[in-house]
There are 2 protein chains.
Amino acid sequence: MELSNLNIEKYLKQNGIKPSYQRIKIFEYLVKHRNHPTVDIIYQELVKNIPTLSKTTVYNTLKLFLEKRIIQLIVIEENETRYDADITTHAHFKCEKCGRVYDIRVDLTEMKIEGLKTFQVKENHIYFKGICEKCLKENK
Amino acid sequence: MELSNLNIEKYLKQNGIKPSYQRIKIFEYLVKHRNHPTVDIIYQELVKNIPTLSKTTVYNTLKLFLEKRIIQLIVIEENETRYDADITTHAHFKCEKCGRVYDIRVDLTEMKIEGLKTFQVKENHIYFKGICEKCLKENK
DNA sequence: AATTAAAATGTAATGATTATAAATTGTCAA
DNA sequence: TTGACAATTTATAATCATTACATTTTAATT
Ligand SMILES: [Mn+2]
Ligand SMILES: [Mn+2]
Ligand SMILES: [Zn+2]
Ligand SMILES: [Zn+2]
């Protein structure tokens with residue numbers, strides 16, 4: 001199922017999450033923007049339309065989504081936790097100029113790693129840092 | 001030059017770092033243990049022999065080492081920053097049972113990533129999570 | 001409508017990191 | 001050798017993201 005045309009209420013239910021108004025809006029934000037936001041970004045954007053929203057609710061909800069495995073955590077910088085509703089295997093690129101986090105499609109099937117044979121791998125994470133195309137063009 | 005048989009004082013000087021007693025001991029800790037420690041681990045271990053050591057010094061020193069690019073930052077969990085004196089390209093595996101962070105040798109040369117062509121990549125980071133061999137054996 | 005459980009909220013506490021200022025140490029010319 | 005200056009270390013306070021806790025609100029059930 002594509003994230004973009006998803007019945008969010010149904011999707012939350014399917015994953016054992018009661019679809020409250022706040023939960024729907026938070027998940028909807030992740031799906032619609034796909035910008036790998038921090039808690040603060042989500043809160044600042046949603047509180048415009050939900051004035052009673054509490055940042056604690058955003059924290060609680062994201063923690064619940066993580067437990068139910070419908071989002072993933074992205075940690076690139078220390079003290080900057082981001083969230084992603086795309087739970088397929090993909091890498092990220094963070095631009096050190098503009099701060100944007102891009103999705104990067106990688107093929108991991110070919111990557112056989114000798115040193116991991118005896119380990120039980122549950123998650124893999126790949127990310128890059130540098131300067132994005134947009135910023136490279138602007139600084140010319 | 002192998003990290004293991006390194007003249008630390010010389011190495012720091014070569015990289016534009018005045019080799020104070022604290023700086024030597026902190027770098028020596030990283031090289032000798034290769035355990036990807038947190039600031040707190042470094043501090044707790046060294047303060048045994050350097051009772052006057054301040055945690056601020058550990059923070060300041062690691063920041064300096066990072067600026068001079070003789071160590072790298074490892075961020076796997078949120079709110080758990082680790083440090084590594086091995087600055088060659090390699091991946092990490094963190095065991096969710098015992099918490100150890102292992103070095104994993106990967107060959108990145110074969111990994112050509114379509115989506116990065118137009119970006120200027122300065123750093124790449126790969127890490128895995130799961131259960132390590134040692135813990136798998138113990139829980140049988 | 002009353003009861004109960006679940007969810008959201010507001011506020012306080014925690015803990016890692018950073019900022020700041022004072023103390024200590026190292027350098028070097030007089 | 002001493003005194004002055006700079007670099008480094010230290011102690012303490014401030015910051016900020018996250019978590020804990022208690023209260024209020026909302027939803028579900030009888
Ligand atoms: Mn993504
Ligand atoms: Mn390593
Ligand atoms: Zn950019
Ligand atoms: Zn283990």
Side-chain angles (χ1 to χ4, degrees), chain A residues 8-9 12-13 15-29 36-68 70-84 94 99 101, chain B residues 8-9 12-13 15-29 36-68 70-84 94 99 101:
Chain A
I8 289 173
E9 202 167 326
L12 294 181
K13 273 185 198 158
N15 287 277
I17 297 167
K18 197 172 295 182
S20 73
Y21 182 71
Q22 287 87 341
R23 287 169 179 177
I24 290 170
K25 287 301 174 188
I26 290 169
F27 195 76
E28 186 181 75
Y29 180 86
H36 313 95
T38 61
V39 163
D40 203 59
I41 291 170
I42 298 170
Y43 173 76
Q44 295 301 340
E45 286 303 308
L46 293 186
V47 78
K48 293 174 183 169
N49 296 317
I50 316 169
T52 59
L53 183 65
S54 162
K55 198 177 276 190
T56 304
T57 299
V58 182
Y59 276 106
N60 290 342
T61 302
L62 292 169
K63 177 172 284 188
L64 176 65
F65 289 173
L66 282 171
E67 282 164 11
K68 299 297 188 181
I70 64 167
I71 64 171
Q72 67 166 317
L73 208 74
I74 302 174
V75 189
I76 296 179
E77 311 280 355
E78 49 178 345
N79 297 327
E80 189 185 82
T81 306
R82 295 168 175 273
Y83 299 87
D84 193 346
K94 174 161 184 183
V101 175
Chain B
I8 289 173
E9 201 167 326
L12 295 181
K13 273 184 198 159
N15 287 278
I17 297 166
K18 197 172 293 184
S20 73
Y21 182 70
Q22 287 86 341
R23 288 169 179 175
I24 291 170
K25 286 301 174 187
I26 290 169
F27 195 77
E28 187 181 74
Y29 181 86
H36 312 97
T38 61
V39 163
D40 203 59
I41 291 170
I42 298 170
Y43 172 75
Q44 295 301 341
E45 285 304 308
L46 293 187
V47 79
K48 292 174 183 171
N49 296 315
I50 316 170
T52 60
L53 184 65
S54 161
K55 198 178 275 190
T56 305
T57 299
V58 181
Y59 276 106
N60 291 341
T61 302
L62 292 169
K63 177 172 284 185
L64 176 66
F65 289 172
L66 282 171
E67 283 164 10
K68 299 297 188 180
I70 63 167
I71 64 171
Q72 67 167 316
L73 208 74
I74 302 174
V75 189
I76 296 180
E77 312 281 356
E78 49 177 347
N79 297 326
E80 189 185 84
T81 306
R82 294 168 174 274
Y83 300 87
D84 193 347
K94 175 162 181 181
V101 175

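Just so it is clear, the model here is predicted, and its values are computed rather than measured. Numbers restart at 1 for each chain; the letters A, B, ... are given by sequence-line order, proteins then strands. Just the heavy atoms: all of them, side chains too, but no hydrogens, waters or symmetry mates, feed the values below.
- Shortest non-hydrogen contact noted between B:Ile71 and B:Leu66 is O-CD2, 3.6 Å.
- Contact check, A:Thr52 against C:dT9: a side-chain N or O comes under 4.0 Å of OP1 or OP2.
- Contact of the A:Asp40 side chain with the A:Lys55 side chain is registered, since non-hydrogen atoms from C-beta on lie closer than 4.5 Å.
- Within 4.0 Å (heavy atoms only), A:Thr38 reaches no atom of the nucleic acid at all.
- When rounded to the nearest whole Å, the span between CG of B:Leu53 and C1' of D:dA11 equals 12 Å.
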Which atoms of nucleotides 14-17 of chain C (N or O only) lie under 3.5 Å from a protein N or O atom, and what are those distances?
from, atom 1, to, atom 2, distance (Å)
C:dT17, OP1, B:Thr81, OG1, 3.1
C:dT17, OP2, B:Tyr59, OH, 2.6
C:dT17, O5', B:Tyr59, OH, 3.3

Go through the steps for A:Ile8 and A:Arg23 under the test side chain to side chain contact (heavy atoms under 4.5 Å, CB included), then give the verdict.
-> CA-CA 10 Å; A:Ile8 289 173; A:Arg23 287 169 179 177; over 6 Å; no

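- Rounded to whole Å, atom P of C:dG26 lies 18 Å from atom CD1 of B:Ile17.
- The interatomic distance linking B:Asn60 (CG) with C:dA22 (P) rounds to 17 Å, in whole Å.
- One atom, NZ of B:Lys25, and another, P of D:dT9, lie 14 Å apart when rounded to the nearest Å.
- B:Arg82 and B:Gly99 make their closest contact through NH2-O, 3.8 Å (heavy atoms, listed as atom of the first residue, atom of the second, distance).
- With rounding to whole Å, A:Ile42 atom CD1 is found 11 Å from D:dT18 atom P.
- Taking 3.5 Å as the limit, the base of D:dT12 and the side chain of B:Thr56 contain a donor-acceptor pair of atoms between them.
- The heavy-atom pair separating B:Ile24 from B:Pro19 by the smallest distance is CD1-O, 3.4 Å.
- Rounded to whole Å, atom P of C:dT18 lies 11 Å from atom CG of B:Leu62.
- When all heavy atoms of B:Thr81 and A:Glu78 are compared, the pair lying nearest together is OG1-OE1, 3.0 Å.
- Nearest heavy atom pair, residue B:Val39 against residue B:Val58, reads CG1-CG1, 3.9 Å.
- Using a 4.0 Å heavy-atom criterion, one finds that A:Thr57 contacts the bases of the nucleic acid, with or without backbone contacts as well.
- In this structure, the CZ atom of A:Arg23 is 11 Å from the P atom of C:dT9, given to the nearest Å.
- Distances shown here put a side-chain N or O of B:Gln22 below 4.0 Å from the OP1 or OP2 atom of D:dT10.
- Taking each heavy atom of B:Tyr43 and B:Leu53 in turn, the nearest pair found is CE1-O, 3.4 Å.
- Looking at B:Gln44 and B:Ile41, their side chains never come closer than 4.5 Å, going by heavy atoms from C-beta outward.
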Sugar-phosphate atoms are those with a prime plus P, OP1 and OP2; base atoms are the rest. Using that split, label each nucleotide of nucleotides 23-30 of chain D B, S or - for protein heavy atoms under 4.0 Å, 5' to 3'.
-> --------

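- To the nearest angstrom, C1' of D:dT18 lies 8 Å from NZ of A:Lys63.
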